[in-house]
Amino acid sequence: MNIKAISLILAVLILVQVLSACNSGILVPATSTPTTMPTPTLDPLQAAKIVQAFWDAMEAGDVDTAMAYIGDEAICAGRCYFTGKAAFHYYLVGYLKGGHVTQISDVKNVGNIVTYSWEVYRRGNFLERGDSNEIMHIEDGKIVYWENQHH
């Protein structure tokens with residue numbers, strides 16, 4: 001073979017390698033693909049569901065179930081001032097023994113902070129209501145703060 005033929009074959013092989021490298025993105029940077037962020041596995045409405053379950057238990061007169069949603073060092077503020085699960089238990093028992101029932105609506109949460117509207121009845125008679133002015137703070141599936149606005 002002559003030198004021209006060998007040079008031509010080498011040039012073609014080099015050209016094939018260069019073109020192959022261009023197609024694989026080695027020489028030309030590929031366009032970046034957006035990184036997919038993992039979807040949180042926690043239910044964004046979990047805090048609101050806990051508050052609703054607490055009040056559903058209270059409406060049913062089931063203090064033990066309601067207490068399952070109260071944190072050990074929970075704080076009550078507003079129209080009540082106490083701390084701790086035992087104090088919550090006594091308060092809720094007294095509330096029910098007094099014939100009170102609270103019904104909530106318009107439950108909303110931003111993260112772990114829940115607001116809701118409420119109506120209080122005593123022995124079936126309407127007493128008072130509040131529009132989205134009660135707040136509960138939820139941590140680890142428990143109510144840790146309640147800003148109570150009703151009697």
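Just so it is clear, the values below take in all heavy atoms, side chains as well, and ignore hydrogens, waters and symmetry mates.
One distance of note links CD of Q149 with OG of S117; it measures 12.5 Å at 0.5 Å rounding. For the atom pair CE (M67) and CE (M58), the distance works out to 10.0 Å, reported to the nearest 0.5 Å. If you take NZ on K85 and CD1 on I143, they are separated by 10.5 Å, rounding to the nearest 0.5 Å. Atom CG of residue D131 and atom OG of residue S105 lie 7.5 Å apart, to the nearest 0.5 angstrom. From T83, atom OG1 reaches atom CD1 of I75 across 5.0 Å, with rounding to the nearest 0.5 Å. In this structure, the separation between NZ on K142 and CD1 on I70 is 9.0 Å, given to the nearest 0.5 Å.
Taking the charged nitrogens against the carboxylate oxygens, E134 and K108 have no contact shorter than 4.0 Å, which rules out a salt bridge.
W146 and W118 have their aromatic ring centers separated by at least 6.0 angstrom.
For the pair Y91 and N148, the minimum side-chain heavy-atom distance is below 4.5 Å. The closest side-chain heavy-atom distance from I135 to I113 is below 4.5 Å. Looking at heavy atoms from C-beta onward, Y116 lies out of side-chain contact with S132 at the 4.5 angstrom threshold. Proximity of L96 to H100: side-chain heavy atoms (C-beta onward) are nowhere separated by under 4.5 Å. Residues L45 and N109 meet the side-chain proximity criterion, which asks for heavy atoms closer than 4.5 Å.
Evaluation of the side chain to side chain donor-acceptor pair (under 3.5 Å) test over residues 64-74, restricted to residues two or more places apart or in two chains, returns D62-T65.
The aromatic rings of Y95 and H150 lie perpendicular to each other, with more than 60° between the two planes, well past the 30° mark.
The local environment of OH in Y90 is sparse, with at most 12 non-hydrogen atoms from other residues, nucleotides or ligands closer than 6.0 Å. Heavy atoms from other residues, nucleotides or ligands lying under 6.0 Å from CG of D140 number 12 at most.
Judged as a ring pair (Phe, Tyr, Trp, His ring centres under 6.0 Å), and not counting sequence neighbours, F54 has no contacts. Y121 pairs by the ring pair (Phe, Tyr, Trp, His ring centres under 6.0 Å) definition with F126, not counting sequence neighbours.
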Between N112 and Y145, does a side-chain hydrogen bond (donor to acceptor under 3.5 Å, both in side chains) hold up when you go through it step by step?
CA-CA 11 Å; N112 291 336; Y145 177 79; over 6 Å; no
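I104 pairs with exactly one of E119, Q52, E59 by the side-chain contact (heavy atoms from CB on, under 4.5 Å) rule, that one being Q52.
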